[in-house]
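Computed from a predicted model, the values in this text were never measured in an experiment.
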Amino acid sequence: MHGGYILILGGEFSLRERVLAGALRASEGMRTLTMAKSRTTPVIKFFDGYLSGDVADAQEVLNSVISHEKATGEIPVAVIPMNDFTVRASALLTEHYKLYGNDTKVIEQCRNKYLMKQILKKAGLPVPEFAAFKTLEELKKHIADIGLPVVIKPGEMAGSLGVIKITHEKDIETAFAQCVSDVISLNGEAHAPEDLFLVEEYIHTIQEVSVEVINQGDYHEALAVTDKYLGDEPHFVEIGHSMPSVHSGNHELRDIAVRACEALGIQFGIAHFEARITPEGYVKIIEVGARTGGDTIMDLIERTYGINPYELHVRSHLNKLGVDSLVRAPKGLSAVAFIKAKEGIIEKVVLPSSLPEYITNMQVTAKPLDISRPLVSWKTREGSIEFFWENREPEAGFKEHLDITKQYSESLFIFKK
């Protein structure tokens with residue numbers, strides 16, 4: 001045995017860059033490794049080491065770690081999942097090496113959205129009406145029972161991929177075909193079932209929110225609430241977030257988020273809870289992920305509250321998280337909005353020569369000759385802009401971050417004629 005290391009799964013993905021800073025603080029100097037398919041992934045050079053593997057393929061990840069153990073004598077002391085596609089691999093390694101972490105049963109309850117909704121409903125928590133289906137005929141039968149409008153989504157997926165609202169009966173077949181097509185378009189990269197879908201009652205809302213909950217055994221605490229901003233229906237692509245939420249003081253919302261984590265058996269790390277709040281003030285749970293939130297939400301927490309949630313996430317998987325309250329007063333208003341170019345072939349990207357102080361980061365992911373397509377999932381965004389306004393309070397109807405980003409989106413790209 002030549003010592004241990006922390007393995008971060010999904011740390012090389014864009015918009016999760018602060019995981020390394022959090023991991024280094026939590027590990028108190030322990031080596032921190034990541035995994036990626038190839039050495040061309042630019043972020044891996046910031047880690048202490050790199051293992052080759054597909055983080056979405058649980059068995060491949062286990063095999064890679066075992067091979068590393070045979071070659072070096074090193075074993076992981078913690079395996080930390082960062083997104084939905086890495087939680088199964090993390091659970092498999094956690095059980096194999098007898099580490100702290102959510103086990104495969106808990107992960108199945110969070111990844112399988114039908115099973116998740118069943119468990120939440122049985123626990124008396126507020127969920128929309130829902131049903132599972134595989135065929136168009138089953139979908140039509142469930143819609144007859146639930147009533148239009150409904151939302152259909154893949155049984156296991158993330159990033160709004162394949163999530164479609166159906167308002168009219170004439171659109172059922174088209175929406176079903178699109179949902180199936182969206183799943184197949186990943187070419188198996190998610191290592192998720194491609195023939196299981198969920199249909200849910202559409203929840204009319206004044207606001208969609210997420211709650212980040214930190215978990216350690218029987219301790220569960222809601223750290224932060226985020227206001228979410230969605231693109232045009234029938235899709236539900238997130239186009240921005242802001243924090244604190246105007247609902248940050250909603251104790252019922254925070255309590256439901258904590259109870260959802262308890263019901264699903266989440267005992268380690270940060271969980272990402274999503275819900276809609278109706279005009280009447282009722283909370284309806286969309287889903288719960290046993291992993292950190294994406295889309296820079298962790299960065300928003302760090303700017304707003306001065307806590308790096310990745311550090312808490314790693315500490316929990318080391319079983320070193322203190323259980324004193326972690327809730328703090330906000331230092332200001334944080335936000336992110338996603339760059340969306342108009343449709344067409346991008347000829348040139350023109351970055352601004354300077355940025356105002358309230359913009360903390362701009363990432364343009366589009367390149368010349370990229371084709372800008374309609375906004376149907378996270379895969380069709382062209383970058384992000386992050387904001388922070390010191391001492392600013394959340395406000396109803398806030399959308400300054402969206403307006404500024406839209407202006408930049410119109411000036412960043414030159415298109416082929």
Side-chain angles (χ1 to χ4, degrees), residues 84 112-114 116-117 120-121 126-186 190 192-210 226-241 272-289 294-295 337-338 340 343 373-381 399 402:
D84 276 325
N112 182 322
K113 295 180 183 181
Y114 179 60
M116 175 200 298
K117 288 283 167 65
L120 295 175
K121 183 178 180 180
V127 295
E129 283 191 66
F130 64 96
F133 68 94
K134 289 191 174 187
T135 67
L136 179 61
E137 289 68 31
E138 289 174 334
L139 172 59
K140 288 179 177 178
K141 177 183 177 299
H142 292 316
I143 288 176
D145 294 335
I146 296 171
L148 291 170
V150 297
V151 177
I152 61 171
K153 61 181 71 171
E156 282 188 27
M157 210 50 69
S160 307
L161 191 76
V163 183
I164 302 170
K165 178 185 178 184
I166 304 175
T167 305
H168 305 289
E169 197 170 329
K170 64 180 175 59
D171 299 326
I172 295 174
E173 291 186 25
T174 306
F176 174 70
Q178 184 63 56
C179 187
V180 172
S181 174
D182 286 349
V183 174
I184 292 172
S185 72
L186 287 180
E194 297 181 350
D195 61 346
L196 180 65
F197 302 89
L198 201 66
V199 54
E200 296 181 349
E201 162 197 8
Y202 174 76
I203 303 300
H204 296 275
T205 180
I206 54 164
Q207 185 69 65
E208 187 162 311
V209 295
S210 65
T226 307
D227 284 334
K228 307 176 88 65
Y229 302 79
L230 305 180
D232 294 337
E233 295 178 352
H235 302 285
F236 297 86
V237 185
E238 292 167 355
I239 59 172
H241 309 285
H272 179 68
F273 168 98
E274 295 182 345
R276 289 197 146 201
I277 299 174
T278 70
E280 298 77 27
Y282 298 115
V283 175
K284 291 282 188 176
I285 302 172
I286 300 173
E287 59 192 55
V288 186
D295 276 358
F338 297 99
K340 183 69 210 118
E343 292 174 44
R373 303 184 189 279
L375 185 65
V376 295
S377 82
W378 61 271
K379 294 170 77 72
T380 52
R381 304 184 305 206
K399 65 182 188 70
L402 303 182

Rounded to the nearest 0.5 Å, how far does [atom2] of [Y] lie from [atom1] of [X]?
X	Y	atom1	atom2	result
Leu198	Ile152	CG	CD1	10.5 Å
His235	Ile164	NE2	CD1	5.5 Å
Lys153	Glu287	NZ	CD	5.0 Å
Lys141	Leu136	NZ	CG	14.0 Å
His168	Ile166	NE2	CD1	11.5 Å
Lys165	Asp232	NZ	CG	11.5 Å

- Task: Identify whether the distance between the nearest side-chain nitrogen and carboxylate oxygen of Lys140 and Glu173 falls below 4.0 Å.
- Result: yes
Taking all heavy atoms of [X] and all of [Y], pick out the closest pair and write down the distance.
X	Y	answer
Ile203	Pro128	CD1-CB, 3.9 Å
Glu238	Arg381	O-NH1, 2.9 Å
Val151	Phe236	CG2-CZ, 3.8 Å
Val180	Phe197	CG2-CZ, 3.6 Å
Ala132	Leu196	CB-CD1, 4.3 Å
Val209	Gln207	CG1-CG, 3.6 Å

- Determine yes or no for a side-chain-to-main-chain donor-acceptor pair under 3.5 angstrom, with Glu138 supplying the side chain and Phe133 the backbone.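 Here the side-chain-to-backbone pair does not exist.
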- Message: Quick one: does any side-chain atom of Thr205 pair with a main-chain N or O of Ile277 as donor and acceptor, under 3.5 Å?
- Response: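 Checked: pair present.
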- Query: Is the charged tip of Lys399 near the ring of Tyr229: under 6.0 Å from the six-membered ring centre and within 45° of its axis?
  - Reply: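 Judged by the rule (NZ or CZ under 6.0 Å from the ring centre, within 45° of its axis), Lys399 is not positioned above Tyr229.
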- Query: Should Lys228 and Ile286 count as side-chain neighbours, where that means a heavy-atom distance under 4.5 Å?
  - Reply: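 A side-chain contact under 4.5 Å is absent here.
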- Pairwise side-chain contact, Phe130 with Lys113, heavy-atom cut-off 4.5 Å (strictly under):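 No, too far: nothing below the 4.5 Å cut-off.
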- Mind running side chain to side chain contact (heavy atoms under 4.5 Å, CB included) on Asp295 and Phe338 for me, showing each step along the way? CA-CA 9 Å; Asp295 276 358; Phe338 297 99; 3.4 Å; yes
- Residues that Glu208 engages under salt bridge (Lys or Arg N to Asp or Glu O under 4.0 Å), provided they are two or more places apart: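 Per chain and number, Glu208 pairs via salt bridge (Lys or Arg N to Asp or Glu O under 4.0 Å) with Arg276.
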